[in-house]
Amino acid sequence: MKLIKLLRSLVFTACCTTALSCTAEEQTLSTQRIDELFSFATEQYKKATDSLDPSDGMPRNSHADGSWRQVQLKDWTTGFFPGCLWYLYEQNQNEYWLAEAQKWTKQLEPLKTFNGHHDVGFMIYCSYGNGYRLTKDPAYKAIILEASDSLATRYRPTAQVIQSWGSMDEKNPKSYRVIIDNMMNLEMLLWAAENGGNENLRNIALTHANTTLENHFRPDGSNYHLLEYDPKTGEVIAKKTAQGFADNTMWARGQTWGIYGFTMMYRETGDKTYLQFAEKIADAYMKRLPADGVPLWDFDAPDDLLVKDASAGAIASSAFLDLYELTGNKRYLKQAEKTLAELSSDRYLAKGADYQCVLLHSVGHMPKRKEVDVNVNYADYYYLEALTRLKKIRQQGE
Ligand code: GLY
């Protein structure tokens with residue numbers, strides 16, 4: 001039996017190293033293969049760091065001709081490029097990558113006082129959060145704590161949520177709009193409360209998560225993207241979508257934000273209610289996932305819009321590895337491995353042309369026909385995070 005296992009693993013390793021890509025059928029990635037994928041990512045990001053200038057904005061999408069779309073600081077995706085650099089530095093421990101990660105992270109410092117929308121968690125925790133985790137630089141910690149206080153100013157006690165969109169100065173808003181993505185901003189608040197920040201940040205995070213759990217999901221475990229709350233009564237007055245195909249459909253990335261968010265809530269609080277909920281909504285996602293493990297941008301997309309979303313696959317993979325580590329349930333490990341094997345095939349890796357990124361084939365905003373079937377920095381970020389998690393799991397011997 002042991003001999004068969006050994007032969008199988010040798011055949012598998014040989015296949016992965018010679019072809020430099022695993023097929024989804026193999027449904028697993030060896031540590032050696034993960035290291036090769038990090039080497040590929042490092043080559044791609046070296047081209048990026050050589051060609052980009054922070055004064056042109058933060059990198060969001062890499063294009064086939066070697067150019068980038070760079071965006072202004074308050075764009076919700078600005079933390080992901082520095083975050084990718086931190087994940088590369090974590091692997092290679094090389095001074096060049098430390099300096100690049102620090103340089104790109106520093107651009108975001110003005111966001112510590114920003115409260116124009118809810119995405120401060122994504123922006124600061126993916127950049128400064130990873131930076132602090134890896135360097136323990138006290139200046140980074142101070143910035144995360146200040147940013148957390150800024151995010152908390154968006155808390156609306158009447159509805160018991162952090163308002164996602166709209167200026168807090170708006171007089172008599174018709175509603176408080178909250179999107180499922182907001183679950184991803186809570187980790188920074190929980191971290192801040194544990195690390196010398198205002199203790200009330202923890203209450204805000206828990207309250208927002210509980211309100212979301214109560215209101216944002218359908219009985220089958222899928223979620224509405226956007227809820228509107230009545231500012232006077234705090235009641236839900238509308239359940240809609242912004243980026244999904246229709247109000248009642250399962251927008252893939254929204255479902256994965258939910259899975260990741262509630263898994264994180266369990267990891268950080270130990271409250272089993274969050275675990276049971278994360279498992280329920282993970283089930284709703286896995287039940288409908290196609291055989292290759294990468295979802296369409298919306299599970300109910302019509303026949304003329306059957307486009308995959310690699311970003312949702314990457315976010316789900318990272319969340320499933322977290323869920324596996326928390327529960328020991330191999331079902332989640334297997335699902336993450338399967339999706340990551342597919343994303344690590346030549347069908348998704350940004351090989352050829354002049355791309356300076358890792359993953360192709362994501363969808364940003366289909367209803368507006370923006371970022372359809374392209375590279376997005378958050379797909380790269382959660383893919384590198386998932387590979388980092390999988391490598392640790394492999395090293396611990398599963
Ligand atoms: N948070 C915006 C998105 O997922 O596209």
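Read the numbers this way: they start at 1 and go in the same order the structure lists the ligands and their atoms. These numbers were taken from a predicted model, which means no experiment stands behind them. Just so you know, residue 1 is the first one in the sequence shown, and it goes up from there.
- Scanning all heavy atoms of the two residues, the minimum distance from H208 to I162 falls at ND1-N, 2.9 Å.
- In terms of polar-atom proximity, Y378 is not counted as a contact of ligand 1, lacking any N or O under 3.5 Å from an N or O of the ligand.
- For the side-chain contact (heavy atoms from CB on, under 4.5 Å) with D298, the qualifying choice from T241, V363, T249, L306 is T249, the only one to do so.
- Annotation: D119 places no N or O atom under 3.5 Å from an N or O atom of ligand 1; distance criterion only.
- At the shortest separation from atom 1 (N) of ligand 1 among protein heavy atoms lies D181 OD2, 2.6 Å.
- Of all heavy-atom pairs between A41 and L384, the closest is CB-CD2, 3.9 Å.
- Of the heavy atoms in H365, none comes closer than 4.0 Å to ligand 1.
- Between F217 and F262, the ring-plane angle classifies as perpendicular under the 30° and 60° cut-offs.
- With ligand atoms numbered from 1 in the order given, ligand 1 contributes 3 (C), 4 (O) to contacts under 4.0 Å with heavy atoms of W251.
- A distance of 9.5 Å separates CD1 of I144 from OH of Y140, quoted to the nearest 0.5 Å.
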